[in-house]
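Letters A, B, ... are given to chains in the order of the sequence lines, protein chains preceding strands, and every chain is numbered from 1. Everything quoted here is computed from the prediction, not taken from an experiment.
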Amino acid sequence: MAQPLSSTSSDFIRDIIDEDLRAGKNDGRVATRFPPEPNGYIHIGHAKSVCLNFGLALQYQGTCNLRMDDTDPVGESMEYVESIIRDIRWLGFDWQDRLFYASDYFEKLYQFAVLLIKRGDAYVCSLNADEIREYRGTFTQPGKNSPYRNRSVQDNLDLFARMRAGEFPDGAHTLRAKIDMAAPNIVMRDPILYRIKREPHYRTGNKWVIYPMYDFAHCLSDALENITHSICTLEFENNRPLYDWIVERLIEKNRPRQIEFARLNLSYTVLSKRRLIELVEKKYVAGWDDPRMPTVSGLRRRGYTPESIRQFCAAIGVAKNDNLIDVALLEHCVREDLNENAPRAMCVLRPLKVIIDNYPEGKVQQLTCANHPQRPEMGTRQVPFCREIYIEREDFMEDPPKKYNRLAPGREVRLRNAYVIKFESMVKDEKSGEITELHCTYAPETLDGPPADGRKVQGVIHWVSAEHSVPVEVRLYDRLFTISDPGAEEDFLKFLNPASLEILQNCRAEKNLADARPLTRYQFERQGYFCADEKDTKPGKPVFNRVVPLRDSWAKIAAVS
RNA sequence: UGGGGCGUCGUCAAGCGGUAAGACACAGGAUUUUGGUUCCUGCAUUCGGAGGUUCGAAUCCUCCCGCCCCAGCCA
């Protein structure tokens with residue numbers, strides 16, 4: 001089932017919006033925005049915000065803008081802008097013609113700053129970075145007024161214009177709001193509004209050498225776009241008084257309102273941009289879209305569906321509690337989607353040859369297999385059966401434990417969609433002792449039913465024809481970290497999971513999979529859900545990524561005994 | 001330490017003075033040509049703690065405890 005683009009369940013933000021609507025605020029409009037800084041790829045945490053903001057717009061028949069919050073040229077680039085656009089589209093959301101850039105507001109923001117100066121609410125400060133820090137005071141001690149705090153409006157106007165004109169070196173001056181150096185909230189101690197930074201901007205080039213700070217640019221960008229509810233994460237709660245201070249002075253009506261919610265934390269991974277960049281730059285992963293990454297592009301390449309991510313975001317809810325969501329919930333959401341929608345196929349990951357002695361040599365039978373056991377409308381496919389097949393190595397045990405219901409000496413099993421076979425003998429490599437092939441016999445009457453004498457055959461295993469199957473590469477992914485909360489560790493790289501990727505080169509897939517298109521997903525029966533790799537799948541030569549294994553109650557039983 | 005925020009099941013999360021939703025996880029059982037799916041069943045006498053108000057408190061009051069955020073010319 002496709003998941004709705006917005007969740008219908010309520011939360012404290014929807015309660016606030018309902019109240020605002022009831023009170024007749026903003027002419028009944030709801031306008032949100034998703035404001036990423038294009039200095040990295042977006043991840044599942046951003047997806048939570050995307051679903052929230054766009055979901056709200058859909059639910060209240062409002063709008064949600066996409067705005068690049070590009071006020072600090074360091075690290076920002078068009079590559080990131082493009083990835084963000086691609087990822088949000090893929091998630092299923094649409095901002096129509098409302099793609100905006102804070103950098104497009106630079107001139108307007110500059111004029112707002114001039115207005116503030118004229119009113120005596122901002123001044124040019126010539127303290128250097130160290131001095132500013134010293135003057136700021138500490139949590140327990142109030143700050144001191146800058147000696148430049150009382151410059152005349154005229155001087156401030158002149159200096160600010162010259163800052164813009166590039167007359168001063170980086171760091172020589174800043175524009176500061178004149179608020180209160182003794183404010184208990186440090187954010188309000190004459191916050192910096194503009195800094196001089198000679199850094200080419202990926203959009204404005206060398207036009208500007210002064211750039212507005214987040215606190216100044218963000219609230220005004222919201223106002224310029226007529227945003228009604230500016231939703232951000234909890235760490236900005238301290239900044240809300242400043243948001244309001246600026247907006248109250250510069251915006252007359254329909255002032256946007258900031259609301260904060262708790263950012264997502266996911267178990268067994270990291271979500272901070274700094275740490276993700278480190279994983280990429282130090283090559284612990286193959287890139288931003290490595291299937292082990294919690295980035296949207298990584299999840300896409302891994303095989304996650306947009307529906308499953310939306311469903312996940314709806315399931316975790318929105319609140320203000322710090323949280324660490326169990327990655328099992330994310331996995332549950334893809335399984336739910338893929339169980340419903342992914343066609344089934346057979347693929348043997350670690351092949352063991354089986355020769356069916358009583359099956360005629362050279363005979364090939366086309367067996368009809370359902371593409372989905374519960375959805376006949378998904379059709380059937382033909383799978384060839386012959387004398388030599390491959391089964392999974394772990395589906396045979398010479399000396400099986402209790403409750404093992406697969407193949408073993410003296411036992412029989414059902415080949416999925418095919419016959420019941422019985423073990424006859426095995427061949428071992430003399431040197432290594434490794435089992436190289438099995439000999440079995442099949443019961444011809446069991447294609448569509450139980451053995452003639454009605455005896456029960458418990459186990460069912462998957463298989464492929466030795467002759468007709470195709471070789472494929474399969475990549476088995478596991479969690480990137482060995483501990484549930486690596487983000488809490490200073491030295492988080494110590495906890496990287498050395499087994500997060502296992503590459504299997506000799507898998508055998510039914511031939512129908514040979515031409516799998518990139519990003520198509522299947523359930524390999526009895527194994528899990530797999531997705532043809534977006535980049536490495538070539539025509540006739542697919543590479544499959546394991547999205548997530550099937551739930552495995554046998555593994556639990558086997559682990560106990 | 002000053003300020004801000006948050007504490008309800010292992011993990012999320014409803015609850016807004018009328019007697020603890022739901023989801024994931026976990027544990028049983030049924031059905032099954034995927035040890036999958038599906039279906040039943042169980043899973044907080046209790047809401048960080050202690051007092052108080054009330055016929056009645058997770059919800060109101062008081063005090064205490066714990067965790068998170070803020071001292072970038074990052075966002």
Side-chain angles (χ1 to χ4, degrees), chain A residues 9-11 15 35-37 39 69-72 74-75 125 127-129 132-134 136-143 170-176 183-189 192-197 210-211 213-215 217-218 232-241 260 262 267 273-274 314-333 335-336 339-340 344 346 370 372-374 403-406 413-418 420 446-450 457-462 484 523-528 549-558:
Chain A
S9 65
S10 197
D11 53 62
D15 290 346
E37 184 187 11
N39 66 350
D69 206 355
D70 52 1
T71 57
D72 179 3
V74 178
C125 180
L127 256 21
N128 66 36
I132 286 189
R133 192 181 322 114
E134 283 167 29
R136 190 149 39 214
T138 66
F139 289 149
T140 47
Q141 297 167 313
D170 288 12
H173 306 284
T174 54
L175 182 73
R176 296 229 251 165
N185 180 353
I186 289 180
V187 171
M188 298 300 270
R189 318 242 262 231
I192 292 169
L193 268 22
Y194 269 88
R195 72 286 212 183
I196 302 172
K197 197 180 263 199
I210 59 172
Y211 292 98
M213 296 288 289
Y214 165 85
D215 286 307
H218 199 93
C232 64
T233 45
L234 243 30
E235 65 269 26
F236 291 101
E237 212 150 20
N238 295 318
N239 302 49
R240 188 173 39 182
E260 312 85 8
S267 66
K273 199 171 272 187
R274 191 209 105 209
I316 58 178
V318 178
K320 298 185 74 161
N321 305 325
D322 281 333
N323 59 76
L324 181 62
I325 307 287
D326 193 339
V327 70
L329 178 58
L330 215 210
E331 295 175 341
H332 167 261
C333 291
R335 285 200 190 99
E336 188 177 48
N339 174 54
E340 180 80 11
R344 315 282 120 130
M346 291 194 285
H372 191 113
Q374 278 81 38
K403 293 188 180 173
Y404 185 83
N405 64 8
R406 284 110 98 152
V413 273
R414 155 82 58 187
L415 293 176
R416 168 116 253 234
N417 294 125
V420 171
T446 56
L447 219 206
D448 301 304
V457 177
Q458 259 294 317
V460 179
I461 65 175
H462 60 282
S484 65
Q523 183 198 99
F524 289 173
E525 294 206 54
R526 300 208 316 130
Q527 312 271 13
L550 251 29
R551 289 183 63 196
D552 188 355
S553 56
W554 166 245
K556 290 175 189 171
I557 297 167

Classify the nucleic acid contact of A/Gln141 as base, sugar-phosphate or nothing, counting any heavy atom under 4.0 Å across all strands shown.
-> nothing

Roughly, in whole Å, what's the span from CG in A/Asp326 to P in B/C24?
-> 12 Å

Can you tell which of B/G3, B/G2, B/U34 lies closest to the side chain of A/Thr140?
-> B/G2

Counting only N and O atoms by type, is there a donor-acceptor contact under 3.5 Å from the side chain of A/Thr446 to the main-chain atoms of A/Val420?
-> yes

Tell me which nucleotide among B/U33, B/C24, B/G5 gets nearest to the side chain of A/His332.
-> B/C24

Remember a base hit wins even if backbone is also touched, and classify A/Thr71 as base, sugar-phosphate or nothing at under 4.0 Å, heavy atoms.
-> sugar-phosphate

So what does A/Tyr404 hit on the nucleic acid, given a heavy-atom distance under 4.0 Å: a base, only sugar-phosphate, or nothing?
-> base

Tell me whether the OP1 or OP2 atom of B/C74 has a side-chain N or O from A/Arg195 closer than 4.0 Å.
-> yes

Of the nucleotides B/G4, B/C24, B/C74, which has the atom closest to the A/Ala328 side chain?
-> B/C24

When only distance counts, do a donor and an acceptor, one from the side chain of A/Gln374 and one from the base of B/G36, lie under 3.5 Å apart?
-> yes

Can you tell me if CD on A/Glu235 sees more than 12 non-hydrogen neighbours from other groups inside 6.0 Å?
-> yes

In whole angstroms, how far is the P atom of B/A25 from the CD1 atom of A/Ile325?
-> 13 Å

Considering only B/U33, B/C73, B/G35, which nucleotide approaches the side chain of A/Ser553 most closely?
-> B/G35

Reckon A/Arg133 has a side-chain N or O less than 4.0 Å from the OP1 or OP2 of B/G72?
-> yes

Do any N or O atoms from the side chain of A/Ser484 and from the backbone of A/Ser267 form a donor-acceptor pair under 3.5 angstrom?
-> no

A/Arg189 side chain vs A/Ala183 backbone, donor-acceptor pair below 3.5 Å | yes

For B/U31 and B/C40, measure between their P atoms and round to the nearest Å.
-> 15 Å

Name the nucleic acid region contacted by A/Leu324, choosing base, sugar-phosphate or nothing; use a 4.0 angstrom heavy-atom cut-off, strictly under.
-> sugar-phosphate

Whichever of A/Lys403 and A/Ala319 has the more 5' nearest nucleotide on RNA chain B, that residue is A/Ala319

Quick one: does A/Arg414 reach the base of B/U33 with a side-chain donor-acceptor pair under 3.5 Å?
-> yes

Of the candidate nucleotides B/C68, B/U34, B/C70, which contains the atom at the shortest distance from the side chain of A/Asn238?
-> B/C70

When all nucleic acid strands are considered with a 4.0 Å heavy-atom cut-off, which category describes A/Ala262: base, sugar-phosphate, or nothing?
-> nothing

Looking only at side-chain atoms of A/Asp11, point me to the closest of B/G5, B/A14, B/U33.
-> B/A14

Rounded distance (Å) that lies between atom P of B/G72 and atom OH of A/Tyr194 | 22 Å

Whole-Å distance between B/A75 P and A/Met213 CE?
-> 5 Å

Can you find a side chain N or O atom of A/Lys197 that sits less than 4.0 Å from OP1 or OP2 on B/C74?
-> yes

Report yes or no: does A/Asn238 contribute a side-chain atom to a donor-acceptor pair with the main-chain N or O of A/Asn185 at less than 3.5 Å?
-> no

With stacking defined as ring centroids separated by under 5.5 Å and planes differing by under 30°, is A/Trp554 stacked against B/G35?
-> yes

For A/Val318, answer base if it contacts any base atom (sugar-phosphate contacts may also be present), sugar-phosphate if it contacts only those atoms, and nothing otherwise; contact means non-hydrogen atoms under 4.0 Å.
-> sugar-phosphate

When only distance counts, do a donor and an acceptor, one from the side chain of A/Arg344 and one from the base of B/U34, lie under 3.5 Å apart?
-> yes

Taking side-chain contact (heavy atoms from CB on, under 4.5 Å) as the test, write out the residues that go with A/Asp170, two or more places apart.
-> A/Ile196, A/Arg198

Is the shortest side-chain N/O distance from A/Lys556 to OP1 or OP2 of B/C26 below 4.0 Å?
-> yes

Mind checking A/Asn321 for me? I need base, sugar-phosphate or nothing, with any heavy atom below 4.0 Å counting as a touch.
-> sugar-phosphate

Rounded to the nearest angstrom, tell me the gap between atom CZ in A/Arg189 and atom P in B/G72.
-> 11 Å

Scan A/Ile316 against the nucleic acid and name what it touches under 4.0 Å (heavy atoms): base, sugar-phosphate only, or nothing.
-> sugar-phosphate

Taking N and O atoms by type only, does the side chain of A/Gln527 place a donor or acceptor under 3.5 Å from a partner on the base of B/U34?
-> no

A/Phe139 ring over B/C70 six-membered base ring, under 5.5 Å and 30° = yes

Kindly label the base of B/G48 as syn or anti, based on whether its glycosidic torsion lies within 90° of 0.
-> anti

Nearest-neighbour nucleotide for the A/Pro184 side chain, B/U34, B/A75, B/G2 considered | B/G2

A/His462 side chain reached by A/Gln527 side chain, heavy atoms, under 4.5 Å = yes

Round to the nearest Å and state the distance from A/Phe236 atom CZ to B/G3 atom C1'.
-> 18 Å

Report the nucleotide, chosen from B/U34, B/G5, B/C12, that has the shortest atom-to-atom distance to any side-chain atom of A/Glu237.
-> B/G5

Whole-Å gap separating P (B/A13) and NZ (A/Lys320) = 13 Å

Watson-Crick or G-U counterpart of B/C26, or none if no pair lies under 3.5 Å | B/G42

Would you indicate which nucleotide in B/U37, B/C6, B/A75 comes nearest to any side-chain atom of A/Asn339?
-> B/U37

Sub-3.5 Å donor-acceptor pair from the side chain of A/Asp72 to the main-chain atoms of A/Val74, do we have one?
-> yes

A/Leu193 vs A/Met213, side-chain contact (heavy atoms from CB on, under 4.5 Å): CA-CA, chis, key distance, verdict = CA-CA 5 Å; A/Leu193 268 22; A/Met213 296 288 289; 5.6 Å; no

Please check the phosphate of B/G35 (OP1 and OP2 only) for any side-chain N or O of A/Arg406 closer than 4.0 Å.
-> no

Looking for any heavy atom pair under 4.0 Å, which part of the strands does A/Arg416 touch: base, sugar-phosphate only, or nothing?
-> base

OP1 or OP2 of B/G72 under 4.0 Å from side-chain N/O of A/Arg136 | yes

Under 4.0 Å between any heavy atoms, over every strand shown, what does A/Asp69 touch: base, sugar-phosphate, or nothing? Just pick one.
-> sugar-phosphate

Counting only distance, no hydrogens or angles, is the base of B/G35 paired donor-acceptor with the side chain of A/Asp552 under 3.5 Å?
-> no

How many Å lie between CE on A/Met346 and P on B/G36, as a whole number?
-> 18 Å

Check every strand shown and say whether A/Asp448 touches a base, only sugar-phosphate, or nothing at a heavy-atom separation below 4.0 Å.
-> base

For A/Leu127, answer base if it contacts any base atom (sugar-phosphate contacts may also be present), sugar-phosphate if it contacts only those atoms, and nothing otherwise; contact means non-hydrogen atoms under 4.0 Å.
-> base

Classify the nucleic acid contact of A/Pro373 as base, sugar-phosphate or nothing, counting any heavy atom under 4.0 Å across all strands shown.
-> base

When we call it a touch if two heavy atoms are under 4.0 Å apart, what does A/Asn239 touch: a base, just sugar-phosphate, or nothing?
-> base

Candidates B/G35, B/G4, B/C73 - which lies nearest the side chain of A/Ala129 | B/C73

Could you check which nucleotide pairs with B/U31 in any of the strands shown, counting Watson-Crick or G-U wobble with both distances under 3.5 Å?
-> none

Please identify each residue that fulfils salt bridge (Lys or Arg N to Asp or Glu O under 4.0 Å) with A/Glu260, with sequence neighbours left out.
-> A/Arg240

For B/C6, the nucleotide meeting Watson-Crick or G-U wobble distances (both under 3.5 Å) is B/G66

Span that lies between the P atom of B/U62 and that of B/A14, in whole angstrom = 25 Å

